[in-house]
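See structure below.
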There are 2 protein chains.
Amino acid sequence: MEPDKVRAPNIRDVARLAGVSYQTVSRVLNNSESIKDTTKQRVLEVIAQVGYRPNQAARALVTSRTRTIGVLTSQTAHYGPTTSLHAIEEAAREAGYLISTTSLATSDHAAIVDRLEHLMRQAVEGLVVIAPQVRVFDAIRQLEISVPLVTLDSTRRDDHRSLSVDQIAGARMATRHLIDLGHREIVHLSGPQDWIEAEARMTGFLREVDDADLTTHPPILGDWTADFGHHVGRELLRYRDFTAVFAANDQMALGLIHAFRDAGLDVPGDVSVVGFDDIPEAAHYWPPLTTVRQDFAEIGRRSVGMLLAELRGEVESSHEQVRPELIVRKSTAPPRI
Amino acid sequence: MEPDKVRAPNIRDVARLAGVSYQTVSRVLNNSESIKDTTKQRVLEVIAQVGYRPNQAARALVTSRTRTIGVLTSQTAHYGPTTSLHAIEEAAREAGYLISTTSLATSDHAAIVDRLEHLMRQAVEGLVVIAPQVRVFDAIRQLEISVPLVTLDSTRRDDHRSLSVDQIAGARMATRHLIDLGHREIVHLSGPQDWIEAEARMTGFLREVDDADLTTHPPILGDWTADFGHHVGRELLRYRDFTAVFAANDQMALGLIHAFRDAGLDVPGDVSVVGFDDIPEAAHYWPPLTTVRQDFAEIGRRSVGMLLAELRGEVESSHEQVRPELIVRKSTAPPRI
DNA sequence: ACGTGAAATGTGATCGTACACATCACACGT
DNA sequence: ACGTGTGATGTGTACGATCACATTTCACGT
């Protein structure tokens with residue numbers, strides 16, 4: 001009674017119904033020229049009528065092209081990586097590519113290797129690594145991955161292309177802003193040690209502090225969360241030997257401000273706080289957050305552009321940098337004298 | 001000099017090097033029983049040595065199983081959908097499935113159809129729709145999509161499985177909380193009209209208000225952003241005929257609070273504000289936000305579980321609901337008399 | 001020593017498409 | 001009338017794996 005799963009129509013079914021050879025149908029699908037317009041129409045009608053969809057697996061098998069780009073991201077719901085990911089997906093789609101995403105819950109070597117293996121089994125034609133952690137590069141080398149690779153938010157490396165917001169410059173701008181306001185004791189709340197962008201922001205901070213001949217405490221290693229920022233804020237208050245904090249992202253800055261206010265301190269009156277990223281909520285925090293804006297969507301789009309260029313065999317400049325922008329709001333002010 | 005792209009090793013290459021037939025290699029790959037342990041080891045060694053990776057396209061072609069789940073999400077960087085997505089990816093991976101994600105930048109019919117077509121061409125075995133918009137269902141019906149489907153954050157429908165946080169219950173809890181505090185004039189700032197979860201939250205709000213025999217203004221349709229919340233907050237202040245606002249998400253609540261404070265009002269002293277979602281930053285807003293928590297990761301995981309169960313042919317209950325939880329913080333208080 | 005059944009391994013066909021090449025139809029110049 | 005070039009269409013084969021079935025190996029009871 002119930003018909004067993006009817007096989008999906010294939011190219012030969014279409015051909016038969018349209019009264020042409022399967023090759024003619026194939027030509028229509030790949031819109032080759034030298035197809036008479038009338039037959040083309042006839043074939044297209046049959047395709048629409050029977051709901052034929054080309055089988056990508058068969059196509060990939062014979063062309064050995066998957067038209068797929070693999071994306072390795074970290075398993076976080078952060079605004080930046082997510083925004084970049086969506087931009088990547090959109091740019092790839094427009095170029096006729098599709099995205100296979102896989103995310104990294106932990107940063108141990110085995111997990112990274114496993115995720116990369118996973119992508120390679122998909123026979124992705126290129127790889128985008130978002131918010132890469134240092135160890136990712138070891139794994140890539142070990143697996144002898146040969147497809148084109150673009151990394152985001154990374155510092156320069158020589159063996160692959162990268163596209164990054166100039167994190168170091170951004171961190172210097174944030175730090176400079178605090179110094180220009182008159183702050184001399186500035187604390188840096190960094191991201192996790194194995195994140196390349198955390199490292200870059202820390203580097204920028206340290207360089208700027210150094211250039212201004214200031215001393216500073218060793219940066220505190222955080223985990224990007226507001227909870228952690230809150231926790232660090234409370235700890236910092238036990239010493240009170242600072243007048244400003246530069247947090248490596250907006251969420252941690254929010255947590256810091258929360259802790260400071262709970263302790264009766266005024267931001268920016270007693271302590272100035274700068275964040276990083278300019279997430280959409282930052283303008284609505286209390287006080288509105290001074291931060292460094294990066295255009296996540298832009299780097300997502302451009303990373304796909306770079307990758308596609310490499311796939312087409314065009315060799316462009318290997319390392320691109322996007323300049324971030326300092327957004328001054330209300331969370332920073334000159335130190336109280 | 002430079003060797004042309006060497007063909008990747010295939011199953012026959014492995015077989016030859018291991019001195020067995022390709023079928024034996026295939027058996028090792030699919031770890032069938034009845035393989036002598038010594039030959040199995042030999043084959044595995046060769047596989048590791050030559051870096052052989054099974055070609056998924058070929059496998060999919062013959063088995064007509066792609067082990068891929070398609071995910072349709074909206075192109076937003078919001079915490080909730082993103083968290084669910086990561087959970088889905090992880091759960092699917094653990095079950096040996098992979099995820100093909102595609103996102104919806106606009107909600108017009110053509111775009112939705114295009115994205116669904118895209119997924120169907122991938123021959124996904126199942127479909128998860130995150131944060132669905134009303135029109136998605138029309139498109140699914142039109143395309144006669146026959147693969148198992150699970151939707152998240154949706155209200156009950158009869159023709160597919162769904163898994164949802166009970167948005168209506170959550171909205172009622174939030175509203176009830178305000179009523180219990182003594183508020184009588186409550187404004188609802190809703191999400192966009194075509195989002196099912198926005199609709200559900202609005203419904204919950206209206207029902208609770210109705211049950212309490214209160215009147216209310218027609219809900220304001222927002223776009224989920226803090227910017228919009230801020231804008232609405234300013235508009236609302238022109239009337240001041242309310243003592244509390246229930247925002248359909250935390251970001252809009254943040255924007256509202258910002259606007260109120262800018263106008264010199266105290267939250268919760270002059271106006272109470274409730275959000276929805278309990279994003280990780282909500283606890284650190286000023287004041288810490290009273291909101292409704294939903295476990296996004298949990299519904300992501302469970303949606304995959306439902307989908308896989310259906311793929312295995314198990315027919316379970318079709319609609320599951322997860323209860324949200326009211327988190328009372330400092331943004332709500334009794335109205336000033 | 002030999003038949004027998006189970007375990008281990010091998011052979012042919014197949015999935016749905018694209019590519020290379022072959023063929024056909026037809027117009028056109030000489 | 002005929003060769004010829006070009007546009008339109010058809011035929012054979014390969015991609016790399018799995019499945020169904022065939023065959024070989026081998027231990028064991030009689």
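So that the names make sense, note that chain A is the first sequence line, chain B the second, and so on, each numbered from 1.
Separating the CZ atom of A/Arg27 from the P atom of D/dG10 is a distance of 8 Å, rounded to the nearest angstrom. Atom C1' of nucleotide D/dT24 and atom CD1 of B/Ile35 are separated by 14 Å, given to the nearest angstrom. For the pair A/Arg12 CZ and C/dT17 P, the computed distance is 9 Å after rounding to whole Å. We find that CZ of B/Arg59 is positioned 22 Å from P of C/dT14, with the value rounded to whole Å. In this structure, CD of A/Gln56 is placed 13 Å from C1' of C/dA18, rounded to the nearest angstrom. In this structure, B/Lys36 places its NZ atom 10 Å from C1' of C/dT9, rounding to the nearest Å. Between the P atom of C/dA18 and the CZ atom of A/Arg65 lies a distance of 13 Å, rounded to the nearest Å. Residue A/Arg16 contributes atom CZ, which lies 16 Å from atom C1' of D/dG10 at whole-angstrom precision.
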Q: Start with the C-alpha distance between B/Ser164 and B/Gln321, add both sets of side-chain angles, then the distance that settles side-chain hydrogen bond (donor to acceptor under 3.5 Å, both in side chains), and finish with yes or no.
A: CA-CA 5 Å; B/Ser164 51; B/Gln321 295 249 313; 3.0 Å; yes
Q: Please report the C-alpha distance between B/Glu125 and B/Arg67 in whole Å, then the side-chain angles of each, then the deciding distance to 0.1 Å, and finally whether the salt bridge (charged side-chain N to carboxylate O under 4.0 Å, His left out) criterion is met.
A: CA-CA 7 Å; B/Glu125 294 182 25; B/Arg67 299 204 153 270; 5.8 Å; no
(Q) A/Val50 vs A/Leu17, test: side-chain contact (heavy atoms from CB on, under 4.5 Å). Steps then yes/no. (A) CA-CA 10 Å; A/Val50 302; A/Leu17 290 172; 3.7 Å; yes
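Picking from C/dG12, D/dA17, C/dA18 the nucleotide with the shortest atom distance to the side chain of B/Tyr22 gives C/dG12.
Between the side chains of A/Ser32 and A/Asn30, no donor-acceptor pair is found at a separation under 3.5 Å.
A sub-4.0 Å separation between OP1 or OP2 of C/dT17 and a side-chain N or O of A/Ser26 is absent. Phosphate contact (OP1/OP2 of C/dT17, side-chain N/O of A/Tyr52, threshold under 4.0 Å): present. Side-chain N/O atoms of A/Ser64 include none lying less than 4.0 angstrom from OP1 or OP2 on D/dC15. Note on A/Asn10: every side-chain N or O is 4.0 Å or more away from OP1 and OP2 of C/dC15. For the OP1/OP2 pair of D/dC15 and a distance below 4.0 Å, the side-chain nitrogens and oxygens of A/Thr63 include no atom meeting the criterion. Taking only side-chain nitrogens and oxygens, B/Ser21 comes nearer than 4.0 Å to OP1 or OP2 of C/dG10. Here A/Thr24 reaches the OP1 or OP2 of D/dG10: one of its side-chain N or O atoms lies under 4.0 Å away. Considering only side-chain N and O atoms, A/Asn55 lies nowhere under 4.0 angstrom from the phosphate OP1 or OP2 of C/dC15.
Under 4.0 Å is where a charged nitrogen must lie from a carboxylate oxygen, and between A/Arg53 and B/Glu117 at least one such pair does.
The base of D/dG16 does not come close enough to the side chain of B/Arg53 for any donor and acceptor atom to sit less than 3.5 Å apart.
Residue B/Thr39 is in sugar-phosphate contact alone, with no base atom involved, counting any heavy-atom pair closer than 4.0 Å across all strands shown. Using a 4.0 Å heavy-atom cutoff across all strands shown, A/Leu61 reaches at least one base atom of the nucleic acid.
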